[in-house]
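Single-structure report; data block below.
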Amino acid sequence: MREKARAEGRKPKYDGSCRDKGLGPPNDGEPGHVVRLKTPTDGTIAYKDMVKGPIAVDAAELDDMILRRADGTPTYNLAVVADDHDMGVTHVLRGDDHVNNTPRQITVYRALGWDVPEFGHVPLILGPDKKKLSKRHGALSAMEYKTLGYLPEAMVNYLARLGWSHGDQEVFSRDELIRLFTTDNLGSSPSVFDTQKLDWLNAQYIQQAEPGQLTDGLSEMIAQEFKDDPAVKQDSVKLSDVIRLLQPRAKTLKDMAQQARIFLVGSKDLEYDEKAVEKFLTPEARELLATFREQLAGLDSFDEESLDKLGHGFIEAQGIKFKAIAQPIRVSITGVTASPGLFETMAVLGRDETLARMDRALSL
RNA sequence: GUCCCCAUCGUCUAGUGGCCUAGGACGUCGGCCUCUCACGCCGAUAACAGGGGUUCAAAUCCCCUUGGGGACGCCA
């Protein structure tokens with residue numbers, strides 16, 4: 001019947017064969033029958049949507065929808081109405097995919113003689129292909145974003161800003177959101193989920209956080225990322241020190257965990273990038289490194305400021321530019337060509353580890 | 001197919017008839033900063049879907065077209 005209707009270009013719906021038979025509600029012992037709502041056939045069902053404005057649909061469009069299934073259980077459209085009414089719900093704010101349901105539910109409210117609540121429908125979130133966001137587009141359950149290293153506050157902020165705005169403001173604390181949110185400035189067209197902007201927002205939150213606020217999250221992330229990497233030991237350095245160095249460099253906690261690896265392995269387990277070693281640990285550079293290493297060994301206090309002072313004294317004494325020695329040092333203590341600042345890195349690693357790494361690099 | 005909804009830079013959006021030569025943000029591209037990578041800063045790029053009206057005046061109001069989304073279950 002539905003197929004036929006669709007083929008003929010009509011809306012597939014109940015043909016109403018029992019509509020006016022005056023059948024009473026079936027007894028419980030009478031399975032196989034369904035109870036429908038006798039819906040008005042003329043006029044329009046109209047309501048004012050909190051975000052979309054007036055919406056009207058011809059009553060003729062509505063089917064005599066099923067309220068009770070043949071097995072005796074209630075259907076969704078009856079259940080929500082009853083539930084919302086019992087709970088005293090006054091405002092219903094839900095996804096756009098429910099707009100078509102609303103007129104149906106209104107007929108149920110009316111049939112039951114109940115007050116109809118306010119309805120508002122927010123636009124759906126679309127994937128990059130502009131289709132309703134679904135599993136196919138990317139892992140999207142809220143929990144999965146946590147696994148990917150996104151901060152809850154960033155996620156909330158991003159989602160809030162998707163389809164809603166408050167002037168030009170982009171970053172909102174949760175309190176601000178609560179204070180500023182109204183349905184007036186909700187957009188009415190669907191929006192595309194943009195991972196790049198989420199990344200940016202997340203980076204903002206990471207940068208603004210106090211290192212202490214990120215330690216637990218990062219710690220979990222490290223455990224998750226390096227569970228099969230026995231070389232990684234979380235207690236080798238103070239995590240908050242690492243966080244401080246990585247905050248401006250990480251878009252996500254996952255990102256940060258990966259960048260943190262160079263701080264979490266011993267000199268023996270540090271991986272040296274072959275190309276970097278070849279390019280920067282030249283014979284001349286090694287000579288300078290060896291000399292610098294001895295000065296480091298004799299430094300009184302191994303903090304960033306002292307290290308910086310020592311470093312600059314060193315290049316001055318050698319009559320070289322900082323650039324000439326920076327990359328060789330970096331490669332020797334991190335194994336790679338990109339890292340946080342040299343002296344802060346050394347300070348976090350500590351004297352023993354720093355020297356051990358330089359020794360290892362010089363032996364390569 | 002039928003019904004409902006929607007339509008400003010690639011993306012998120014500001015804009016509620018004159019303040020719009022259309023603003024911000026992400027991205028992209030340049031530059032600055034600089035021990036690398038980032039961060040930061042400066043600059044550039046790029047949009048009112050099309051066509052008709054209404055009006056002294058339209059991104060803003062109305063209509064049509066086109067395009068997009070959603071819904072058409074004894075699922076929720």
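First the proteins, then the strands, lettered A, B, ... as listed; each starts at 1.
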Sugar-phosphate only, base, or nothing, as touched by A:Thr337 at under 4.0 Å among non-hydrogen atoms: base

Nearest-neighbour nucleotide for the A:Ala338 side chain, B:A71, B:C26, B:C37 considered: B:C37

Base paired to B:C19 (Watson-Crick or G-U; both N/O distances under 3.5 angstrom): none

Comparing A:Ser165 and A:Glu170 on RNA chain B - which has the more 5′ nearest nucleotide: A:Ser165

P-based separation of B:U60 from B:U21 [nearest Å]: 14 Å

A:Thr75 side-chain N/O to B:G73 phosphate OP1/OP2 under 4.0 Å: no

Pair A:Arg94, A:Thr102: side-chain N/O donor-acceptor within cut-off below 3.5 Å: yes

Whole-angstrom distance between B:G73 and B:U65, as gauged at atom P: 27 Å

Which nucleotide in B:U36, B:C39, B:A7 has an atom nearest any side-chain atom of A:Ser189: B:A7

Touch class at under 4.0 angstrom, heavy-atom based, for A:Leu124 against every strand present: sugar-phosphate

Sugar-phosphate only, base, or nothing, as touched by A:Gln208 at under 4.0 Å among non-hydrogen atoms: nothing

Nucleotide of B:C3, B:C5, B:U36 approaching A:Lys52 most closely (side-chain heavy atoms): B:C5

Residue closer to the 5' end of RNA chain B, A:Pro340 versus A:Gln207 (nearest nucleotide): A:Pro340

Backbone N/O of A:Leu37 and side chain of A:Thr39: donor-acceptor pair under 3.5 Å: yes

Atom pair distance, as rounded to whole Å: CG in A:Asn77 and C1' in B:A71: 12 Å

P atoms of B:C9 and B:A47, separation to the nearest Å: 9 Å

Interatomic distance, A:Ile315 CD1 vs B:U34 C1' [rounded to whole Å]: 13 Å

Distance-only donor-acceptor check, side chains A:Tyr205 and A:Asn157, under 3.5 Å: yes

Euclidean distance, atom CZ of residue A:Arg330 to atom C1' of B:C35 [Å, nearest integer]: 6 Å

Main-chain N/O of A:Met155 paired with A:Asn202 side-chain donor or acceptor, under 3.5 Å: no

Check: A:Ile206 main-chain N/O paired with A:Gln247 side-chain donor or acceptor under 3.5 Å: yes

Base B:G24 to side chain A:Gln169, donor-acceptor N/O within 3.5 Å cut-off: no

Contact under 4.0 Å: A:Lys321 side-chain N or O vs B:C35 OP1/OP2: no

No-hydrogen, no-angle side-chain donor-acceptor test under 3.5 Å, A:Glu170 and A:Gln204: no

Polar pair under 3.5 Å, donor/acceptor by atom type, side chain A:Arg249, base B:C39: no

A:Ile329 CD1 - B:C35 P separation (whole Å): 12 Å

A:Asp71-A:Thr73 side chain donor-acceptor pair, cut-off 3.5 Å: yes

Complementary nucleotide of B:A7, counting Watson-Crick and G-U pairs under 3.5 Å: B:U66

Touch class at under 4.0 angstrom, heavy-atom based, for A:Gly163 against every strand present: sugar-phosphate

N or O in side chain of A:Thr334 less than 4.0 angstrom from B:U36 OP1/OP2: no

Sugar-phosphate only, base, or nothing, as touched by A:Leu342 at under 4.0 Å among non-hydrogen atoms: base

Residue A:Asp97, side-chain atoms from C-beta onward, closest of B:G69, B:C26, B:A71: B:A71

A:Leu162 side chain, from C-beta outward: closest of B:G27, B:C12, B:G69: B:C12

Distance, P atom - from B:C39 to B:G27, rounded to whole angstrom: 8 Å

Counterpart base for B:A57, defined by Watson-Crick or G-U wobble contacts under 3.5 Å: none

Integer angstrom distance from the P of B:A22 to that of B:A44: 13 Å

Between P of B:C37 and CD1 of A:Ile262, the distance in whole Å: 15 Å

Parallel, tilted or perpendicular: rings of A:Phe193 and A:Tyr145 (30°, 60°): tilted

Nearest-neighbour nucleotide for the A:His98 side chain, B:C5, B:C74, B:A76 considered: B:A76

Whole-angstrom distance between B:G10 and B:C20, as gauged at atom C1': 22 Å

Length of the line joining A:Leu186:CG and B:U13:C1', which is rounded to integer Å: 13 Å

Interatomic distance at C1', B:A46 relative to B:C33, whole Å: 27 Å

Nucleotide nearest A:Glu61 when distance is taken to its side chain, options B:C4, B:C12, B:U2: B:U2

Watson-Crick or G-U counterpart of B:U34, or none if no pair lies under 3.5 Å: none

Rounded C1' spacing from B:U66 to B:C74 in Å: 39 Å

Opposite nucleotide pairing with B:G43, Watson-Crick or G-U, both atom distances under 3.5 Å: B:C29

Nearest-Å distance for atom pair CG/C1', residues A:Leu201 and B:G24: 14 Å

Sugar-phosphate, base or nothing in reach of A:Asn101, heavy atoms under 4.0 Å: base

Pairing partner (Watson-Crick or G-U wobble, both distances under 3.5 angstrom) of B:U2: B:A71

Distance test, side-chain N/O of A:Gln204 to OP1/OP2 of B:G40, below 4.0 Å: yes

Rounded distance (Å) that lies between atom P of B:U36 and atom CZ of A:Phe343: 12 Å

ILVMFWY cluster membership beyond A:Met50 - transitive side-chain contacts under 4.5 angstrom: A:Val51, A:Leu93, A:Val122, A:Val156, A:Trp164, A:Phe172, A:Leu177, A:Leu180, A:Phe181, A:Leu186

Donor-acceptor pair (no angle test) under 3.5 Å: A:Asp96 side chain, B:G70 base: no

